Amino acid sequence: MFAVLAFCLVAFVAAQTPRPCTTPPQWESNIFDHNQQQKFTVRGRLSYDAAYRRERMVEEVIIGSTDDAFDVIALFDSNTEYVYDFKHHNCSRRKIDRRWRDFGIRPDATSFGEAYIGSSAAPGLGLLVTLWGGNHTTPSNDTVRTFGTWTMRGCLPVRHISHSAQYGRTETSFFDITAGISDPNVFIPRRECLTEKEYAMRDILFGTPTKIEKK
Ligand SMILES: *[C@@H]1O[C@H](CO)[C@@H](O)[C@H](O)[C@H]1NC(C)=O
Ligand SMILES: *[C@@H]1O[C@H](CO)[C@@H](O)[C@H](O)[C@H]1NC(C)=O
Ligand SMILES: *[C@@H]1O[C@H](CO)[C@@H](O)[C@H](O)[C@H]1NC(C)=O
């Protein structure tokens, strides 16, 4: 009798275990990024495309007391980023030395439940979020601990904290997310970043591949 009851209880608990929701693969957001170890703060607008692992950030970077502004297009599948410097009006092309940041919930993450940011006392006072965390090891053998909050409706990132032995603690906050990529040319580097020949072929080289249907 007790065994049956215990079994039912386990089954009930298992059924209740929340599963990670799926964050949309393409969106744009204002972000605020702070890294403690490297002492930098980045504030800007991010265009995020997890389908093709690329991002564009028009950003202000504050490192100590210096304040710079960049327009960065990072194409992780070709391991190249184009960094345009607003102060000097120049652009450089370089290999990407960081890993792609996926702002979805990792499938192996542990649920820390749900909570309201703000208050649940009256409609409009709060935002219901789902909390997830976990540990994983990257292919370069870096141990990373992550903790994040996503909206219950829509599964949009709200805040993401990662702590790694290699890069230290990074905290990213997201505001004013909009669905999809507003400008299809957003991942095409500026003219200053390309050779004459590349610029002429920019749509072929940098345009959205047609492997998925556009919504
Ligand atoms: C632009 O030029 C300045 C001054 O020569 C240099 O310090 C900076 O690194 C350059 N920026 C880029 C993105 O190439
Ligand atoms: C992740 O690892 C840390 C340190 O080893 C541990 O304290 C924490 O409980 C782990 N978190 C999860 C969700 O496994
Ligand atoms: C990965 O890192 C751990 C400690 O951080 C170390 O013990 C292990 O040997 C490393 N493995 C590889 C393949 O480098």
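Heavy-atom basis, side chains included; hydrogens, waters and symmetry copies ignored. Treat the numbers as computed from the prediction; the structure is a model and nothing was measured.
- Rounded to the nearest 0.5 Å, atoms CD1 (Ile105) and CG (Asp108) are 11.5 Å apart.
- In this structure Tyr84 satisfies the ring pair (Phe, Tyr, Trp, His ring centres under 6.0 Å) test together with Phe86, sequence neighbours excluded.
- Distance check: Glu55 CD to Arg101 CZ gives 6.0 Å after rounding to the nearest 0.5 Å.
- In this structure, Phe32 shares a hydrophobic cluster with Phe175, the cluster being traced through Ile, Leu, Val, Met, Phe, Trp and Tyr side chains under 4.5 angstrom apart.
- For the residue pair Thr195/Arg93, the side-chain donor-acceptor check at 3.5 Å is not satisfied.
- Using a 4.5 Å cut-off between side-chain heavy atoms of Ile, Leu, Val, Met, Phe, Trp and Tyr, with links allowed through other members, Val58 and Leu194 fall into different hydrophobic clusters.
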Going through the checks in order, is the side chain to side chain contact (heavy atoms under 4.5 Å, CB included) test met by Arg98 and Glu81?
CA-CA 11 Å; Arg98 61 207 145 89; Glu81 68 179 346; 2.4 Å; yes
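- As a member of the Ile/Leu/Val/Met/Phe/Trp/Tyr network built from side-chain separations under 4.5 Å, Leu128 groups with Tyr116, Met152.
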For a side chain to side chain contact (heavy atoms under 4.5 Å, CB included) check, start with the C-alpha distance between Arg54 and Asp77, then their side-chain angles and the critical distance, and finish with the verdict.
CA-CA 8 Å; Arg54 53 191 184 170; Asp77 282 349; over 6 Å; no
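- Residue pairs meeting the disulfide bond (SG atoms under 2.5 Å apart) criterion with at least one member in residues 45-120, sequence neighbours excluded: Cys91-Cys193.
- Within the 3.5 Å criterion, the main-chain N or O of Ala50 finds no donor-acceptor partner in the side chain of Asp102.
- Side chain of Ser162 to main chain of Thr146: no donor-acceptor pair is present (N/O by atom type, distance under 3.5 Å, no hydrogens or angles).
- By the side chain to side chain contact (heavy atoms under 4.5 Å, CB included) test, Asn90 is found to be paired with Asp85, His88, residues two or more places apart in sequence or in another chain being considered.
- Other cluster members for Ile63: Trp27, Ile31, Phe40, Val42, Leu46, Tyr48, Met57, Val61, Phe70, Val72, Phe76, Val83, Ile96, Trp100, Phe103, Leu156, Phe174, Ile177, joined by side-chain heavy-atom distances under 4.5 Å among Ile, Leu, Val, Met, Phe, Trp and Tyr.
- The salt bridge (Lys or Arg N to Asp or Glu O under 4.0 Å) analysis of residues 115-137, with sequence neighbours excluded, yields no pairs.
- Without hydrogens or angle criteria, Ser140 side chain to Thr138 main chain gives no donor-acceptor distance under 3.5 Å.
- Contact annotation: the side chain of Tyr167 approaches that of Asp142 to within less than 4.5 Å [non-hydrogen atoms, C-beta and beyond].
- Considering Tyr199, Phe187, Tyr82 as possible partners of Phe206, the one that fulfils the ring-ring contact (aromatic ring centres under 6.0 Å, His included) test is Tyr82.
- Here OG1 of Thr149 is found 5.0 Å from CD1 of Ile117. Values are rounded to the nearest 0.5 Å.
- Sequence neighbours left out, not one pair with a member in residues 127-137 passes salt bridge (Lys or Arg N to Asp or Glu O under 4.0 Å).
- Checked against ring pair (Phe, Tyr, Trp, His ring centres under 6.0 Å), Phe147 has the following partners two or more places apart in sequence or in another chain: Phe112.
- Going from atom OG1 of Thr143 over to atom CD of Gln166 covers 10.0 Å, rounded to the nearest 0.5 Å.
- Under the 4.5 Å side-chain heavy-atom criterion for grouping Ile, Leu, Val, Met, Phe, Trp and Tyr, Leu127 is not connected to Leu125 through any hydrophobic cluster.
- Here Thr110 contributes atom OG1 and Leu131 contributes atom CG; the two are 12.0 Å apart, rounded to the nearest 0.5 Å.
- Taking the side chain as every heavy atom from C-beta outward, Arg45 and Asp176 approach each other to under 4.5 Å.
- Closest non-hydrogen pair, Pro18 versus Ser111, comes out as CG-OG, 3.3 Å.
- Note on Ile188: it clusters hydrophobically with Ile73, by side-chain heavy-atom contacts below 4.5 Å among ILVMFWY residues.
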Is there a side chain to side chain contact (heavy atoms under 4.5 Å, CB included) between Val129 and Arg159 once you walk through the steps?
CA-CA 10 Å; Val129 296; Arg159 204 158 72 108; over 6 Å; no
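- Legend: salt bridge (Lys or Arg N to Asp or Glu O under 4.0 Å) pairs involving residues 160-169, not counting sequence neighbours, sorted by first then second residue: Arg169-Glu171.
- Scanning all heavy atoms of the two residues, the minimum distance from Pro157 to Thr23 falls at CD-CG2, 4.0 Å.
- For the residue pair Pro107 and Pro20, the shortest heavy atom distance occurs at O-CG, 4.1 Å.
- Inter-residue side-chain proximity for Glu59 and Asp33 is flagged as unmet; no heavy-atom pair is nearer than 4.5 Å.
- Within 6.0 Å of CZ in Arg99 there are more than 12 heavy atoms belonging to other residues, nucleotides or ligands.
- The two residues Asp49 and Gln26 make their nearest non-hydrogen contact at OD1-NE2, 3.1 Å.
- Legend: residues meeting ring pair (Phe, Tyr, Trp, His ring centres under 6.0 Å) with His34, ordered by chain and number and at least two apart, are absent.
- Distance check, rounded to the nearest 0.5 Å: CD of Gln37 to CG of Asn35 gives 6.5 Å.
- Listed by first and then second residue, the salt bridge (Lys or Arg N to Asp or Glu O under 4.0 Å) pairs that reach into residues 179-190 are Asp71-Arg190, sequence neighbours excluded.
- A pairwise comparison of heavy atoms in Pro24 and Gly154 identifies CD-O, 3.5 Å as the closest pair.
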